[in-house]
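Report on one structure; see the data block that follows.
Along the sequence shown, residues are numbered consecutively beginning with 1. Any value given below was found using the heavy atoms of this structure, including those in side chains, with hydrogens, waters and symmetry copies removed.
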Amino acid sequence: MEMKRIPEAGYKIIGLNISGLQRRLTLENLLFPLKVISSYLASLKIIKDFEPDVVVGFGGYASSPITMAAARKKVPILLQEQNSYAGLANKTVAKRASMICVAYEQMEKFFEADKIVITGNPVRDSIARNAVEKTVAMSDFNLNSDKKTILVIGGSLGARTLNESIVQNLQKLKDASVNVIWQTGSFYYQEMLERSDLQENDLIKPVEFISNMEAAYAAADIVISRAGALSVSELCIAGKPVVFVPSPNVAEDHQTKNAMALVNKQAADIVPDKEATETLVDKALEMLDNTDRMDELSKNIKAMALPNATADIANKVIELIK
């Protein structure tokens with residue numbers, strides 16, 4: 001995605017021939033050492049040509065070769081760890097980093113305490129401003145303003161479990177007479193349309209992708225979501241009651257750990273992925289009927305928001321340069 005988005009924003013990007021390490025024996029894993037070596041050599045050349053004052057790593061597999069090359073060339077490194085469980089890329093180079101910006105407390109179990117700065121995760125400026133009025137948002141999505149609204153988000157491609165949970169429980173949602181903004185994701189959109197057989201005047205609104213997430217958050221009374229790091233950060237700023245359904249298909253089960261960091265502070269609810277098709281819709285409808293619980297979750301999740309993360313991280317980069 002970044003190979004398209006970065007040039008669109010007006011910046012040059014250089015790709016590296018690197019991929020993630022699979023947690024099982026695959027052909028990709030056999031090629032992995034060669035990709036690491038070639039990407040590392042390419043990164044050394046990038047460092048030499050570009051002569052950076054500081055290198056910033058955000059923890060994805062593409063950041064490993066460039067931060068390792070920076071360490072070799074003694075260029076200052078700032079790491080940003082988005083999850084509550086540190087990823088392999090950041091842990092590998094952490095001892096060589098000058099500063100590590102994190103989004104969660106108790107990250108000393110992964111990094112040296114004197115390098116850690118709690119900044120939060122960068123979020124889109126439009127969401128940080130949180131400026132959309134609910135009445136406008138309801139109109140944008142053609143929702144019934146007299147009904148409560150559930151927002152379901154599973155990422156741009158979609159999440160099979162969330163989609164199955166909705167499509168298998170459509171009648172419950174119809175009987176409850178609630179609005180549903182249902183982001184199916186591009187991968188599942190046509191299938192969900194065919195299986196749901198909804199009419200235009202139904203309260204349930206399947207959409208392939210939501211480009212104006214700030215409006216979706218404004219319209220929602222509660223949110224059902226995966227628990228990726230950036231989603232969690234956005235939801236803290238949006239301040240809406242959330243039911244997390246962590247993806248089980250991620251390294252170190254880090255989405256469950258992200259979600260539990262909020263659940264343990266009474267700032268969100270959680271439904272395990274394997275239970276979602278049976279219990280998720282019931283859980284959401286139960287929450288909608290419990291205004292005290294909704295108020296508690298909203299208050300507590302707002303308290304965990306760090307809306308100035310982008311500027312704070314940028315300022316730390318500038319500190320290193322100076």
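Applying the 4.5 Å side-chain rule to ILVMFWY residues, one finds Met3, Tyr11, Ile13 in the same cluster as Ile6.
Looking at Asn17 and Ser39, their side chains never bring a donor and an acceptor atom within 3.5 Å of each other. Judged purely by distance below 3.5 Å, without hydrogens or angles, the side chains of Thr119 and Asp312 never pair a donor atom with an acceptor atom. Between the side chains of Asn83 and Asn258, a donor-acceptor pair is found at a separation under 3.5 Å. For the residue pair Asp253 / Thr256, a side-chain donor-acceptor distance below 3.5 Å is found, with atom types taken as modelled. Using modelled atom types, one finds a donor on one side chain and an acceptor on the other under 3.5 Å when comparing Gln171 with Asp175.
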Enumerate, atom names and distances included, each donor-acceptor pair closer than 3.5 Å involving a side-chain atom of residues 90-97, sequence neighbours excluded.
from, atom 1, to, atom 2, distance (Å)
Asn90, ND2, Gln80, O, 3.3
Asn90, ND2, Glu81, OE1, 2.9
Thr92, OG1, Leu88, O, 2.7
Arg96, NH2, Ala71, O, 3.1

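Between Ala103 and Leu306, the shortest heavy-atom distance links the atoms O-CD1, 4.4 Å. Summarising the geometry of Tyr217 relative to Ile153, their closest heavy-atom pair is OH-CD1, 3.9 Å, with the distance given to 0.1 Å. Scanning both residues, Leu297 and Ala268, for their nearest heavy atoms gives CD2-N, 3.4 Å. Across all non-hydrogen atoms, the minimal contact from Val250 to Ser247 is CG2-O, 3.5 Å.
Look at Arg5 and Glu2 and you find no salt bridge, because none of the NZ, NE, NH1 or NH2 atoms lies under 4.0 Å from a carboxylate O. Look at Asp282 and Lys172 and you find a salt bridge, because one of the NZ, NE, NH1 or NH2 atoms lies within 4.0 Å of a carboxylate O, short of that distance. Using a cut-off of 4.0 Å between Lys/Arg side-chain N and Asp/Glu carboxylate O, Arg129 and Asp125 are scored as salt-bridged. With salt bridges taken as basic N to acidic carboxylate O contacts below 4.0 Å, none links Lys283 and Glu286. Between Lys148 and Asp289 there is no salt bridge, since none of the side-chain N atoms of the basic residue sits less than 4.0 Å from a carboxylate O of the acidic one. Looking at Arg160 and Asp273, no side-chain N of the basic residue comes within less than 4.0 Å of a carboxylate O on the acidic one, giving no salt bridge. One finds a salt bridge joining Glu112 and Lys115 here, because a Lys/Arg side-chain nitrogen approaches an Asp/Glu carboxylate oxygen to under 4.0 Å.
Within 6.0 Å of CD in Glu105 there are 12 or fewer heavy atoms belonging to other residues, nucleotides or ligands. Within a 6.0 Å sphere centred on CD of Glu191, heavy atoms belonging to other residues, nucleotides or ligands number more than 12. Atom CD of Glu278 has 12 or fewer neighbouring heavy atoms from other residues, nucleotides or ligands inside a 6.0 Å radius. More than 12 heavy-atom neighbours from other residues, nucleotides or ligands sit within 6.0 angstrom of CZ on Arg195. Crowding of Glu8 atom CD: a count of heavy atoms from other residues, nucleotides or ligands under 6.0 Å exceeding 12. In this structure, Lys174 places its NZ atom where more than 12 heavy-atom neighbours from other residues, nucleotides or ligands lie under 6.0 Å away.
With rounding to the nearest 0.5 angstrom, the CG atom of Asn163 is 8.0 Å from the CD1 atom of Ile166.
With hydrophobic clusters built from ILVMFWY side chains whose heavy atoms lie under 4.5 angstrom apart, Ile224 shares a cluster with Leu170.
Between Phe110 and Tyr85, the gap from one ring centroid to the other is short of 6.0 Å.
In this structure a side-chain-to-backbone donor-acceptor pair under 3.5 Å is present from Asn179 to Asn144.
For Ile46, the side-chain contact (heavy atoms from CB on, under 4.5 Å) criterion is met by Ile14, Leu16, Ile66, not counting sequence neighbours.
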Full working for side-chain contact (heavy atoms from CB on, under 4.5 Å) between Ile18 and Ser38:
CA-CA 8 Å; Ile18 188 71; Ser38 67; over 6 Å; no

Where do Leu262 and Phe244 land on the side-chain contact (heavy atoms from CB on, under 4.5 Å) test, with the steps shown first?
CA-CA 10 Å; Leu262 276 70; Phe244 285 118; 3.9 Å; yes

As a quick check of understanding, evaluate side-chain contact (heavy atoms from CB on, under 4.5 Å) for Leu230 and Gln82, giving each step before the final call.
CA-CA 7 Å; Leu230 297 186; Gln82 299 182 348; 3.9 Å; yes

Would you sort out whether Leu173 and Leu285 count as a side-chain contact (heavy atoms from CB on, under 4.5 Å), showing the intermediate values?
CA-CA 8 Å; Leu173 292 165; Leu285 293 174; 4.2 Å; yes

